[in-house]
Amino acid sequence: MSVRKLKPITPGQRFRVVNGFDAITTDKPEKSLLAPKKRSGGRNSQGKMTMRYKGGGHKKRYRIIDFKRDKQGIPATVATIEYDPNRTAFIALVNYQDGEKRYVIAQNGLQVGQNIVSGADVAPEIGNAMPLSDIPLGTIISCIELRPGQGAVMARSAGSFAQLMARDGKFATVKLPSGEVRLILVNCMATIGAISNSDHQLIVGGKAGRTRWLGRRPRTRPVAMNPVDHPMGGGEGRSSGGHPRSRKGLPAKGFRTRSKTKASNKYIVERRKK
């Protein structure tokens with residue numbers, strides 16, 4: 001895991017910081033686990049733009065990821081660690097002993113040739129998936145389910161991890177990457193270890209075109225708009241637009257938008273830090 005700073009031989013490379021890709025072992029994905037990925041360009045079924053600043057970008061194919069880890073008790077060998085254009089984390093191709101191949105999210109430190117397994121009575125080692133009821137307290141975990149059998153929904157991006165703090169009855173207390181402390185059912189699955197590619201946050205594109213390759217179009221600043229387009233638009237000269245807010249007038253930067261009557265509020269022990 002490392003990053004490389006390129007020599008400034010062109011203006012676009014002057015500030016560019018790229019991923020070293022030390023952990024990647026192949027550049028050829030497994031064909032049987034690829035699916036087509038359609039791009040909307042921010043348009044709906046009528047062809048009208050409903051989401052701004054989307055469009056263009058390089059063509060991608062989706063890698064079918066096993067988020068459920070429901071093949072329990074059958075060991076699998078890590079065949080490759082691969083780049084996935086659809087996510088910040090690296091992915092691992094695993095070969096099960098019964099011949100099936102699957103992609104899983106790669107944890108930091110996962111090596112080719114290593115055996116991983118999921119289930120209730122497995123060792124708490126990197127890459128193994130197990131219920132929260134069987135994981136030792138204080139363990140660093142990732143790819144956490146919110147409902148049993150749903151599949152991993154939390155702590156899935158590059159470098160992220162959570163920590164199992166305590167267990168009481170049918171609930172486990174987990175500290176999430178945002179700093180929020182939350183109760184999760186103990187029969188939900190989680191994977192041991194932090195997510196790979198923790199250097200992702202250090203990467204610098206170096207030029208505007210590289211952002212376009214990722215499918216992101218230029219974003220117009222609200223203060224540069226007219227009053228008809230945005231609450232922060234208009235004004236004489238270069239006046240900045242009062243309190244920060246969204247296009248629909250909802251205050252931003254500190255204003256809490258979570259509903260006070262939301263059903264899952266009772267499971268949040270401590271809210272995330274501002």
Q: Answer yes or no on whether Arg156 is positioned over the face of Phe67, meaning its NZ or CZ is under 6.0 Å from the six-membered ring centre and within 45° of the axis.
A: yes
(Q) Can you confirm whether more than 12 heavy atoms, excluding those of Arg167, are under 6.0 Å from its CZ atom? (A) yes
Q) Should the ring pair Phe171 and Tyr267 be called parallel, tilted or perpendicular, given that the plane angle runs from 0 to 90° and is split at 30 and 60? A) tilted
(Q) Are there over 12 heavy-atom neighbours, none belonging to Arg4, within less than 6.0 Å of that residue's CZ? (A) no
Q) With sequence neighbours excluded, what pairs up with Asp98 under the side chain to side chain donor-acceptor pair (under 3.5 Å) test? A) Lys71
Q) Does Asn265 use its side chain to pair, donor to acceptor, with the backbone of Ser259 at less than 3.5 Å? A) yes
Q | CZ (Arg61) with more than 12 external heavy atoms under 6.0 Å | A | no
Q: Using a strict cut-off of less than 4.0 Å between a Lys/Arg side-chain nitrogen and an Asp/Glu carboxylate oxygen, indicate whether Arg147 and Glu145 qualify as a salt bridge.
A: no
Q: Please list, chain by chain and in numerical order, all residues satisfying side chain to side chain donor-acceptor pair (under 3.5 Å) with Ser118, sequence neighbours excluded.
A: none
**Q.** Heavy-atom side-chain proximity of Val78 to Leu110 below 4.5 angstrom
**A.** yes
Q) When rounded to the nearest 0.5 angstrom, what distance separates NZ in Lys28 from CG in Leu93? A) 14.5 Å
Q: Check whether more than 12 heavy atoms from other residues, nucleotides or ligands sit under 6.0 Å from atom OH of Tyr53, and answer yes or no.
A: yes
Q. Do the charged groups of Asp66 and Lys101 touch, with an N to O distance under 4.0 Å?
A. no
**Q.** For Tyr103, all residues meeting side chain to side chain donor-acceptor pair (under 3.5 Å), sequence neighbours excluded
**A.** Glu82
